[in-house]
Amino acid sequence: MLRLILATAIACLTPPVLAQSPGTAGEASAERPAAGTVALVEGDVRFYDKNQQLRRPNLGDAVYEGDNIFTGGDGEVHFNMEDGGYIGVRPGTKMRIINYKAEGGEDDQSVIGLLEGSFRSITGWIGKLHGNHYQVNTPTATIGVRGTEHETHVIAEGSAAGEPGTYDRVHDGETVMQTPQGTINVRPNQAGFIPLRGQARPRLLERVPAFFRPTRNEGRFQGLHLRIQQQLEQRRQQRIQQIQERRKKLGALREQRRRAQQEPQRRPQAQKQVQEQRAVRPQQERRPQQEKSQPGRAEKQREILERERERRQAREAAAKERREELEERRKQGERGKRERPRARE
């Protein structure tokens with residue numbers, strides 16, 4: 001946890017002063033999951049991406065996981081979050097969207113780092129269905145929620161606004177303020193506090209501090225919590241369908257790329273097959289001509305066998321006729337011998 005807080009603090013304290021072209025920023029941001037879209041932007045508001053590149057947001061622009069958000073003394077920016085929630089970032093704030101995923105599944109999460117200043121949040125389905133997946137990390141505390149509308153305020157060392165530390169006020173639902181020294185639950189119309197100095201336990205304050213005062217755009221939050229809760233499940237189902245359709249499109253694009261990569265390898269094979277087919281085709285064309293011009297082997301064999309059979313039958317008939325002729329002569333000779341003695345008598 002300490003490493004996470006320190007990383008957030010370093011990122012927020014050392015923003016670059018050089019801007020980049022909008023095209024480059026868009027290309028860099030497109031690779032990261034969007035956490036929400038800008039619903040309101042006024043005054044000095046700056047976003048820095050994970051590569052510390054600056055961009056000035058406009059209405060409807062996306063805010064991405066890993067973005068650092070800075071508002072000047074007159075700056076304010078509000079977000080429609082991807083999980084159906086709503087966040088209003090107040091003037092003089094330094095915060096970061098550390099982790100964000102809102103796809104309607106069990107692994108959705110929202111982790112926001114707040115180094116200085118304040119924001120008001122109406123949590124979406126992440127805070128309602130998976131309260132332990134929603135966290136606000138500050139230099140002194142970790143804040144969790146249970147289907148909540150709350151404000152977190154961090155007063156830095158040396159500020160005249162009040163005692164340095166982390167404050168959390170609840171409008172609806174409940175938050176949990178936690179440190180290694182202990183935990184407290186903060187309920188509606190209450191505020192909790194963890195000081196910056198020392199290792200004190202979190203504590204509930206007797207009254208909500210005066211610096212939790214409405215901003216010029218506070219009217220946007222009137223009745224919004226109820227409207228969000230009424231539409232939350234419908235928004236979640238729509239989000240699930242969008243993610244499924246997006247994955248199908250990405251799968252189709254990957255398949256096209258895979259086929260495009262394999263095409264250079266397939267081309268020589270296809271050319272080889274065409275050449276082989278061309279080589280075989282003349283042989284196939286000559287074969288019917290040869291079959292037409294010459295009797296088939298089977299036909300020749302039948303003719304040879306037929307002639308052999310006829311010759312064998314002729315030999316057998318001649319032999320039979322010769323035996324019959326010899327037999328007839330023998331019989332005639334025997335008859336002549338019997339007739340000669342009778343003539344002498």
Side-chain angles (χ1 to χ4, degrees), residues 8 11-12 14-104 108-127 134 136 152 215-221 224 227-228 231-232 235-236 238-239 241-243 245-246 249-250:
T8 306
C12 293
T14 58
V17 295
L18 296 177
Q20 69 169 13
S21 66
T24 308
E27 292 172 1
S29 300
E31 300 174 358
R32 297 174 290 151
T37 56
V38 175
L40 176 145
V41 58
E42 293 180 351
D44 179 19
V45 179
R46 289 162 285 158
F47 292 173
Y48 293 90
D49 66 16
K50 62 180 180 180
N51 297 318
Q52 298 300 302
Q53 299 295 325
L54 168 66
R55 68 185 190 276
R56 297 281 184 176
N58 296 307
L59 196 65
D61 286 354
V63 61
Y64 296 94
E65 179 184 77
D67 277 351
N68 296 310
I69 301 163
F70 296 83
T71 58
D74 64 341
E76 188 167 352
V77 61
H78 291 198
F79 303 112
N80 288 313
M81 304 304 289
E82 290 294 329
D83 73 336
Y86 191 85
I87 290 179
V89 183
R90 292 341 189 348
T93 297
K94 299 176 182 178
M95 63 177 285
R96 185 186 184 199
I97 300 177
I98 300 173
N99 295 111
Y100 198 89
K101 182 178 182 181
E103 297 182 354
D108 286 353
Q109 63 174 336
S110 174
V111 181
I112 296 174
L114 180 64
L115 182 67
E116 183 179 346
S118 66
F119 70 88
R120 182 170 177 173
S121 171
I122 299 175
T123 59
W125 69 68
I126 297 175
Y134 177 101
V136 178
T152 304
T215 66
R216 58 185 179 271
N217 296 299
E218 204 72 12
R220 284 177 169 260
F221 286 90
L224 185 58
R227 294 196 299 273
I228 285 177
Q231 300 173 3
L232 207 55
R235 289 283 302 275
R236 190 174 76 89
Q238 290 174 348
R239 180 64 172 169
Q241 186 175 357
Q242 289 174 355
I243 294 298
E245 292 175 355
R246 183 183 302 172
K249 291 180 180 179
L250 288 174

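A quick note: this is a predicted structure, and the numbers were derived from the prediction, not measured. In this chain, residues are counted from 1 in sequence order. Basis for what follows: all heavy atoms, side chains included, without hydrogens, waters or symmetry-related copies.
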Taking NZ, NE, NH1 and NH2 as the nitrogens, is one of them in Arg46 or Asp67 under 4.0 Å from a carboxylate oxygen of the other? no

Please check: side-chain N/O of Arg120 versus main-chain N/O of Gly88, any donor-acceptor pairing under 3.5 Å? no

When rounded to the nearest 0.5 Å, the distance separating OG1 of Thr71 from CD of Glu116 is 9.5 Å

Let me confirm one number: the CD1-CD1 distance from Ile87 to Ile112, rounded to the nearest 0.5 Å. 3.5 Å

Let me confirm one number: the OH-CG distance from Tyr86 to Leu224, rounded to the nearest 0.5 Å. 7.0 Å

For the student: nearest non-hydrogen atoms of Leu114 and Lys94, plus distance: CD1-O, 3.7 Å

Check the pair Arg216 / Asp74 against salt bridge (charged side-chain N to carboxylate O under 4.0 Å, His left out), numbers first and verdict last. CA-CA 10 Å; Arg216 58 185 179 271; Asp74 64 341; over 6 Å; no

Working for ring pair (Phe, Tyr, Trp, His ring centres under 6.0 Å), residues Phe47 and Tyr64: CA-CA 10 Å; Phe47 292 173; Tyr64 296 94; 9.2 Å; no

What are the two closest heavy atoms between Asn80 and Ala39, and how far apart are they? ND2-CB, 3.5 Å

Just grab all the salt bridge (charged side-chain N to carboxylate O under 4.0 Å, His left out) pairs involving residues 76-92, residues at least two apart or on different chains. Glu82-Arg239, Arg90-Glu151, Arg90-Glu218

Asp61 side chain near Arg55 side chain, heavy-atom distance below 4.5 Å: no

Minimum-distance pair of heavy atoms, taken over all atoms of Lys101 and Ile126: O-CD1, 3.5 Å

If we check side chain to side chain donor-acceptor pair (under 3.5 Å) with Asp108, which of these qualifies: Tyr100, Trp125, Tyr134? Trp125

Ignoring hydrogens, what is the shortest heavy-atom contact between Ala34 and Ala62? Give both atom names and the distance. CB-CB, 4.4 Å

Only one of Ile69, Leu115, Asn68, Val111 clears side-chain contact (heavy atoms from CB on, under 4.5 Å) with Arg96; which? Asn68

Over all atoms of both residues, closest heavy-atom pair of Arg235 and Met81: NH2-O, 3.7 Å

Over all atoms of both residues, closest heavy-atom pair of Phe119 and Met95: CD2-SD, 4.3 Å

Hey, is the main chain of Ser118 close enough, under 3.5 Å, to the side chain of Thr93 for a donor-acceptor pair? yes

Side chains of Phe79 and Val89: does their closest heavy-atom pair fall under 4.5 Å? yes

